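To start, the structure under review is shown below, and the notes come after it.
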Amino acid sequence: MPELPEVEVVRAGLEPAVSGALITGVEVFDTRSLKRHSPLEGRFESLLEGRRMLAAVRRGKFLWFPLSAGAAAAPTGEGGAGGAAPATAAASGPQALVAHLGMSGQVLLRTPGTGEEGLLRIRLQIEHPEHGEFWVNFVDQRIFGSMAVDRLVPTADGAAGGYSGFDSGRMLGDTLALVPGQVAHIARDPLDPAFDEATFLAALGRKRTGIKRALLDQTLVSGIGNIYADESLWAARVHYEHPADRLPRARARELLAEVRVVLEKALAEGGTSFDAQYVNVNGASGYFSHSLNAYGQQGKPCPRCGTPIVREAFMNRSSHLCPRCQRPFRARVARVAA
DNA sequence: ATCTGCTCCTGGCGGC
DNA sequence: TGCCGCCAGGAGCAGA
């Protein structure tokens, strides 16, 4: 549920404290939070200690922090049956600390010594040259989120790997047009200046699936989750099961425009929080939940037409829609067929 | 190849 | 009141 706006709130909050900060200590309290970390890369803690984070970058719902070159830690080659443990894996090229919040992850910036109420999985102790010492606490109730150290690879289009704020772009230097290997398959998000609208619309037009499924497909467009998919579809008056390949190009373009409006509005309001689960780096909640028109509004009147919003089962989760504004697609007999 | 649906995980809360 | 079971769902991957 942390979707693009919530993750961006976290990124922006971390940026000033972590950019240029030295990692002085790493504690992993639950190794399940390292499920995206490949042991071939080296030991997570060893890879981080003694290195600096150069910036805070985001693409869609993924966050990463490019690392200074520093001492490449020796890979913990144990368990290497056959002994082909590649010493090159850990030492090759630039790396980044990657974070994904999953469903319930939080990254909290704390004064050293502060206790943590939630389920603390990983703690980084950092020291910023100007701002001093902090604890970066990765809290995650459901452990769908994770942290990892991963190699950075060049972006396919040569553009910046993700959004890193105005100023930290400088600090990124030659790591600017790189993206973590495990994020490379994730599409750019609709707020990314390098987002290719024509390519997206063309790909959408080829998808033989429902439009909401397509919006949630992070390889097509990233950053959208269940909340903002429902909100965007409501705003564009599109039914969630409308076949993606049958949505006229102009309607698809309108939908994309609504996606951007919804994401930007949520971002401006600090993200959506229903409870203490979704918070910024200081633990405070956002206000967008007061602006929801469809998600979670079942039974309440549609703000546009007054018809009660309904909630329907969808992919082991739920969809919220106005049954009057968002009519199901019905294939019609082609009238102007060639 | 493309699409669908299962799985990971735990706390909160609705309902009986 | 107390407890059971449902619910939240991002993303990767297995299987169709």
Side-chain angles (χ1 to χ4, degrees), chain A residues 1-8 10-11 28-38 58-64 98-107 116-122 138-148 150 162 179-189 202-233 240-247 263 266 271-279 285 288-289 292 294-299 311-320:
Chain A
M1 209 153 7
E3 304 178 29
L4 188 155
E6 293 76 35
V7 179
E8 175 54 26
V10 170
R11 190 209 66 77
V28 177
F29 302 105
D30 195 321
T31 54
R32 290 176 297 177
S33 292
L34 295 182
K35 64 185 173 192
R36 288 165 168 275
H37 179 79
S38 166
R58 179 193 53 77
R59 175 188 292 201
K61 306 170 195 172
F62 278 86
L63 282 174
W64 67 92
V98 184
H100 194 289
L101 303 180
M103 240 296 294
S104 54
Q106 306 172 8
V107 183
E116 204 60 74
E117 291 182 8
L119 292 166
L120 181 60
R121 309 298 185 185
I122 297 171
F138 183 71
V139 171
D140 189 7
Q141 177 197 114
R142 273 159 272 191
I143 323 184
F144 287 179
S146 61
M147 284 189 154
D150 195 13
V179 65
Q182 61 181 253
V183 184
H185 68 291
I186 299 294
R188 291 184 178 280
D189 61 67
L204 191 67
R206 276 184 256 111
K207 278 286 170 187
R208 301 181 63 83
T209 187
I211 186 65
K212 181 170 173 182
R213 257 199 123 99
L215 286 180
L216 295 175
D217 180 349
Q218 305 294 302
T219 68
L220 207 56
V221 55
S222 67
I224 305 167
N226 207 37
I227 299 174
Y228 299 117
D230 281 2
E231 289 299 304
S232 304
L233 289 165
Y240 64 95
E241 280 182 327
H242 193 109
D245 60 350
R246 302 296 297 276
L247 192 66
L263 292 178
T272 302
S273 312
F274 302 114
D275 48 42
Q277 203 69 257
Y278 313 105
V279 298
S285 298
F288 190 73
S289 55
L292 293 171
Y295 187 89
Q297 306 303 301
Q298 58 271 20
R311 173 182 157 190
E312 298 180 359
F314 167 81
M315 283 173 70
N316 273 338
R317 55 192 84 173
S318 54
S319 275
H320 308 76

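In what follows, every chain begins at residue 1, and chains take the letters A, B, ... in the order their sequences are listed. In this text, all values refer to a predicted model and were calculated from it rather than measured experimentally.
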Could you tell me the separation between the [atom1] atom of [X] and the [atom2] atom of [N], rounded to a whole number of Å?
X: A/Phe314; N: B/dG5; atom1: CZ; atom2: C1'; result: 12 Å
X: A/Met315; N: C/dA8; atom1: CE; atom2: P; result: 13 Å
X: A/Gln141; N: C/dG10; atom1: CD; atom2: P; result: 15 Å
X: A/Glu241; N: B/dC3; atom1: CD; atom2: C1'; result: 15 Å
X: A/Arg142; N: B/dG11; atom1: CZ; atom2: C1'; result: 7 Å
X: A/Ile143; N: C/dA8; atom1: CD1; atom2: C1'; result: 15 Å
X: A/Lys212; N: B/dC3; atom1: NZ; atom2: P; result: 19 Å
X: A/Leu34; N: B/dC8; atom1: CG; atom2: C1'; result: 15 Å

- Check ion pair A/Asp189-A/Lys61 (N to O, under 4.0 angstrom): no
- No-H, no-angle donor-acceptor pair, A/Arg317 side chain to C/dA8 base, under 3.5 Å: no
Determine: side-chain N/O of [X] to OP1/OP2 of [N], distance under 4.0 Å, yes or no.
X: A/Ser318; N: C/dC7; value: no
X: A/His100; N: C/dG10; value: no
X: A/Lys207; N: B/dT2; value: no

From [options], pick the nucleotide closest to the side chain of [X]?
X: A/Thr209; options: B/dT4, B/dT10, B/dC6; result: B/dT4
X: A/Asn316; options: B/dC3, B/dT7, C/dA11; result: B/dT7
X: A/Arg32; options: B/dT10, B/dG5, C/dA11; result: B/dT10
X: A/Arg213; options: C/dA11, B/dG5, B/dG11; result: B/dG5
X: A/His185; options: C/dG12, B/dC3, C/dA8; result: C/dG12
X: A/Arg36; options: B/dT10, C/dG12, C/dG10; result: C/dG12

- Query: Are side-chain N/O atoms of A/Arg36 and A/Ser146 paired as donor and acceptor at under 3.5 Å?
  - Reply: yes
- With respect to A/Arg121, which candidate in A/Val28, A/Thr31, A/Val139, A/Asp140 satisfies the side-chain contact (heavy atoms from CB on, under 4.5 Å) definition? A/Asp140
- With side chains defined as the heavy atoms from C-beta onward, is the minimum distance between A/Ile122 and A/Leu34 less than 4.5 Å? yes
- Query: Using a cut-off of 4.0 Å on non-hydrogen atoms, how would the nucleic acid contact of A/Lys61 be classed: base, sugar-phosphate, or nothing?
  - Reply: sugar-phosphate
- Message: Below 30° counts as parallel, above 60° as perpendicular, anything between as tilted: where do the rings of A/Phe314 and A/Tyr240 land?
- Response: perpendicular
- Task: Would you kindly compare A/Leu119 and A/Lys35 by the position of their nearest DNA chain B nucleotide and give the one closer to the 5′ end?
- Result: A/Lys35
